[in-house]
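Have a look at the structure that comes next, please.
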2 protein chains.
Amino acid sequence: MIKASEDNEYYILTSPTILPKASGFLWNEKMMIQLNCRGYATSQFMQPEPAKYSHAPNLEAKSFMQPEQPYYAHHPGRFVYVKDETNGRIFSAPYEPVRAHADRYTFAVGKHRIVWNTESDGVAVEMSLSLPTEDAIELWRIKVKNVSTSKRNISVYPYFTVGYMSWMNQSAEYNEDLQAMVCSSITPYQKYKEYDKIKLLKDKTYLLAEQKPYAWEASQEAFEGEGGLARPSAIENEALSNGDARYEMPLAVLQYRMELEAGEEREYRFLFGPAKDEDEIAQIRQTYFTATYANSENGFDKAEREYAEYVSEGQGCLEIRTPDADFDNIINHWLPRQMYYHGKTNRLTTDPQTRNYLQDHMGMSYIKPLIARGSFLTALSQQNADGGMPDGILLHEEAELKYINQVPHADHNVWLPICINAYLDETNDYSLLDEKVPFADSEELVTVSEHIDRAMQYLMKDRDERGLNYIHQGDWCDPMNMVGVRGKGVSGWLTIATAYAFNVWAGISEASGRLEAGKAFRLAAEETNAVVNRYLWDGDWYIRGITDDNVAFGVKEDKEGRIFINPQGWALLSGAADEEKKEKLIRSVEEQLETPYGVEKLAPSYTAMREDVGRVTQKHPGSAENGAVYNHAAAFYIFGLYAVGEKDNAYRLLRKMIPGPNHEDIVRRGQLPVYIPNYYRGAYHQFPRTAGRSSHLFNTGTVAWVYRCLIDGLFGLQGSPAGLQIKPQLPTHWQEAAVKREFRGARLTIEMKRDASVQATEVYLNGELVESGVLERLQSGAEYEVLVKLPQQ
Amino acid sequence: MIKASEDNEYYILTSPTILPKASGFLWNEKMMIQLNCRGYATSQFMQPEPAKYSHAPNLEAKSFMQPEQPYYAHHPGRFVYVKDETNGRIFSAPYEPVRAHADRYTFAVGKHRIVWNTESDGVAVEMSLSLPTEDAIELWRIKVKNVSTSKRNISVYPYFTVGYMSWMNQSAEYNEDLQAMVCSSITPYQKYKEYDKIKLLKDKTYLLAEQKPYAWEASQEAFEGEGGLARPSAIENEALSNGDARYEMPLAVLQYRMELEAGEEREYRFLFGPAKDEDEIAQIRQTYFTATYANSENGFDKAEREYAEYVSEGQGCLEIRTPDADFDNIINHWLPRQMYYHGKTNRLTTDPQTRNYLQDHMGMSYIKPLIARGSFLTALSQQNADGGMPDGILLHEEAELKYINQVPHADHNVWLPICINAYLDETNDYSLLDEKVPFADSEELVTVSEHIDRAMQYLMKDRDERGLNYIHQGDWCDPMNMVGVRGKGVSGWLTIATAYAFNVWAGISEASGRLEAGKAFRLAAEETNAVVNRYLWDGDWYIRGITDDNVAFGVKEDKEGRIFINPQGWALLSGAADEEKKEKLIRSVEEQLETPYGVEKLAPSYTAMREDVGRVTQKHPGSAENGAVYNHAAAFYIFGLYAVGEKDNAYRLLRKMIPGPNHEDIVRRGQLPVYIPNYYRGAYHQFPRTAGRSSHLFNTGTVAWVYRCLIDGLFGLQGSPAGLQIKPQLPTHWQEAAVKREFRGARLTIEMKRDASVQATEVYLNGELVESGVLERLQSGAEYEVLVKLPQQ
């Protein structure tokens, strides 16, 4: 069974097999952990680069998160073995590694806690994980209860994998003073200058126990023996051997022996994480297990409480009640949480891609606008004086641009006005534009307005003789890295996006009293749209680009990569598409890109490299960058649909993005509806068997855009300098919706109802008709009742 | 049971559990595969960098070979599942993944074939692997036999793991035309310039079947289902589903259904390996499965035969029969094979470390001297005109210095005369010295003699005011990278080794008629030895070095790293140690470094970083670079012992290096005695439980030195300009030994016997006493009988 708990604090799965990859995740300032319903875990912490403390059995590549990867038998995890000392029977919680039949099983993904309950043969095990807000530490509670009617004699073995820490050296031993398993390694290095960094790393992994164990084992091999993971040989004995690991693969497994009367329960608590040395582990024990406070709350309880508070600060500015309860649940509870994660952690990178950083803080504008404000200023302080934005924003003094951020992309500038626009709408904080900020390559202090002016002027110049924007080694679409590598190829999408950015910046300039600038950018947008229509319209849709060799692609003649979603959605935003083009392109998207699981990024998927259109991944149809339902791009398109009033098309596609209209759909997607993944497998027409499967990756620019679609589009509750503009675009089949909206400190309770008596939307504030539909002079701290009457269509 | 086969073609283990990591290996011009007794495999092929085609389930780091790593459930492997279709019983050959009890089991490591025989429940499976000489292809035979007394209805599933090929894209499908499972991926890249290399990579993995399968499965997940590796769910069905893999983890498993009469046997053959595309796979099928020859031998049989011939070319120049049969077996059969592997493959690198390359070809001098000659010239052509040798030798036009070869090491020059000396002894080919060779940084063509003169002069200059050689960022001991990073620290070992190199080069110069040069280098050696004794003698042994801060280390006062083996052995070679020092240092080594499993590299092992003596790995006592029995260093020491006539000490330590004096020792080491590993776990006094365990890594400079110890030392059959000098140093307890020696084309049959009637060694050639002990004017192609009478002591 798959369902939300009644208080909507949890999403619940009652079997580990129907969604074998279902997972939830938790994060704090220093770490992230993704937990799978079977007990598998992927965790990272920052020092400042992401690092592991629970490793795969083979040496893991330092690479991106890969949650779509298959799990395998020795995948890192957190498990509990239970042995009945009377009859020798064994099971494990939550499910792996033994995979025994459970009489009862639940996997509950909470917002600040993840809990499994596993009951087998009269013994119930509850495992739950929380985190502190600041430290990279897992806080585990393990409860064991005799749910049978007779006394039971059992051993319980918390089994926390440590894995292959280092090919150079690794060891583990139980430290009786610390009451902790301490696993040690040293990060190898080859160039002596690396040593100064490496010697500071937290290379140890510990499992700290609140209760003294009966016995322990520190070596993976010694523990498993011939029995393997399913029936570890060490468990056959009355007691673990209290062994150590010397160069062997470390493991943290403890044994607790207990006699439980019928109904009796015991609770054990553990801390698991990385540390530099034993002193740090001792300090952690002191803080979490032995410190007491005036209110007699110990450090562990306090950390759990504070973490719950911390997470609950990530509230959105909307609370909805619509005819679609599944939709309400993710919008009210999970979507703001996912946005908050992005804004708080910047995806656990020290050099987020500039476009990601700006869009993540566009989302943060709805939750913690002050954080968004600071981030926009940080980004602008890394702009070059010529107006060009860097490929990534450095967030740590030792950070450097890595991986894809070493490849020059052409689109970073366009995101500035677009993302800041949402912040201004929400806050009306136009003082941001007057802040003075330096450049990366110049001490010159200029206003934010001037910074963005230069960014826009940079885009005006970075064009060919036709007025089309160069693509260089890529734009929003990373893999398209050889379209314009020789300096001639242009991006259709980027040219269209530039027109939109100009329009947005014109609007902001006008609103901030810079009328001349506004006029100039409005004109630039018009000129750009004219160029777009001259060179990029292919008869039924806009093309994706033109290569160094002057080959247009994303055109009717192409057998593969015939149509791309991005130019279509952005042409709706930029104003390039007139009524006729709009209708044609919407029909083309529907016919060629829409699938039961959303809109594909391009179609048909590439099956081989086109040497004249450089891409990295097209050989695999349905891969992330090729034919997948890439939700980020789909969200742009939906936002474009709302911009032109296509409310039913927009809602239909929005709904396809969210897993969980029904049980069958959740199973097909393969994940609980507690986050929107960056993509679903696509190539629907080529490979229907796998289409729709979730990537399981919750890092995605999608979420900020979905929220903006709700604010600006679906519920039409967008801010403006004048106030709150009410212009809902509820889908035709919705008769009503109720929304609570936090706006600039005011709290509005809004009823939206279809009313056969109105021909156009009518807005009533505390019972009085507001002709403009714009609620002005709302007071911070005040509460308002709003009624919106909508026409039937 | 662990034993050599009667014909010594195989070493045989009859249980998979007593040596769970036991392995053998095969190689050819393009690839290497290490096979474990349970079916696990680690394979690499060259294109030109080492690459994988059978991957770990998690993304593997591109790293060094790590055979000491623990195997885990989903480790890559080659297996066969067998299902009885009547009763549903399943087992797997050779052992993993099912781990069922076998009624019979053997793992036979042959020189050109590795064979398992597994019998369970009346069905016998024989799996055997060979390779072709040139192609990166595994040649598999799988025989299935009904050894019960009644007719059997079974399914047989060859199960070849492919694993997690790429996080970017992966797929697999059975190609009916090719009769092959074809698994596809694309190596990801980020910088567009990498594409030109990447597009040529062999990114596909295939399993080509000679016999058409009944059914197949291409997805790891679909195959395993809930049953997991131990009882894959797909096997429960009558037929595999003929599924494909789309982004899922690829797998190559085929099903053959058969009815076997009692005693009936079937054989199936397969090819497994990497390919660029389907055309290449088709070509491979054509070559190995369908081509016929005049003698009706097909490509598969031909390849097996040619490979056996290829391997058999790797014969040494010694064949011994001594009182120690285990010793004879490894010396006659496995040691030359291991040396040949080094000389043929250069350890599967494109940039072997210079010292490794030179020493590996020192070993090749005894097998294929022409290859060694070419390699010495290759190395010298990469020397700089100032005499300095590079850190690595580039063997491919696209190769570059990587990893440790980017760290400047000070010792590469010393190996030139030392390694070439062995070549000259063996071949008398002094024409090598007159070959003209350019420099890396100069077109200037000068003779090999001049090249080596410059290398020696470089060493004379690269010294401090005391005359001690700078260590810079390391010498033979890689991790000691911060001893002299500021340009002042010196290496005790390197200074001593330089004295030895000068002496060797003086001898070669004299022998080649360059008497003045010989005199000069002899003098330089004497002066260096004097410096050594002035600054490096610590009272009972030679110190290891002096840091930038003028701190001597490897000294009595040190609590850790008190004594290092290398300065001691080389002081015996260089002539630095007089009688008194010799006795003292030999006693010190025996007391402080000798263990039941050999001589440790240093003792006591470091337990923490000494900031004034930079090392990377000392925190883990017993790790490779810290306290292990590092066989390469031990071999130097043994060579030094022979140089000073310490025959019993030398033999005792030599014997400890070779696994297999007895069953218990083999089990303790954890490997079959088919190669000498680079090290055994050390730190014997700290951690006796794990001491002696094999690293399982067969890449090691050890083997060439062991062979040289046999030639120059133990059997005393060293070449010289005059001929073959006979000066055996049999251990006192050996009464006799018989040796066949190939020398410059002559074949000598040598009997060595203790004879109470002689006071000194007497040599008889074809019955005539040779006073000098040097056999002169031996004719190539001729056979000689030699009798050596040895005194009792």
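Basis for what follows: all heavy atoms, side chains included, without hydrogens, waters or symmetry-related copies. Reminder, nothing fancy here: chain letters follow the sequence lines and each chain counts from 1.
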Interatomic distance, B:Asn481 atom CG to A:Glu194 atom CD [nearest 0.5 angstrom]
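Rounded to the nearest 0.5 Å, the CG-CD separation comes out at 9.5 Å.
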Any chance you could lay out the side chain to side chain contact (heavy atoms under 4.5 Å, CB included) test for B:Glu248 and A:Arg689, step after step, and finish with the verdict?
CA-CA 12 Å; B:Glu248 298 145 309; A:Arg689 177 172 66 82; 3.0 Å; yes
Does B:Glu226 offer a backbone N or O that forms a donor-acceptor pair with the side chain of A:Arg99 under 3.5 Å?
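Checked: pair present.
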What's the spacing between A:Arg246 CZ and B:Arg681 CZ if we round to 0.5 Å?
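Nearest 0.5 Å value for the CZ-CZ distance: 12.0 Å.
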Would you compute the distance between atom CG of B:Leu229 and atom CG of A:Leu229 and round it to the nearest 0.5 angstrom?
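Reported value, rounded in 0.5 Å steps: 10.0 Å.
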My understanding is that only residues two or more places apart in sequence, or in another chain, count here; which of them pass ring pair (Phe, Tyr, Trp, His ring centres under 6.0 Å) with A:Tyr684?
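For A:Tyr684, no residue satisfies ring pair (Phe, Tyr, Trp, His ring centres under 6.0 Å) once neighbours in sequence are set aside.
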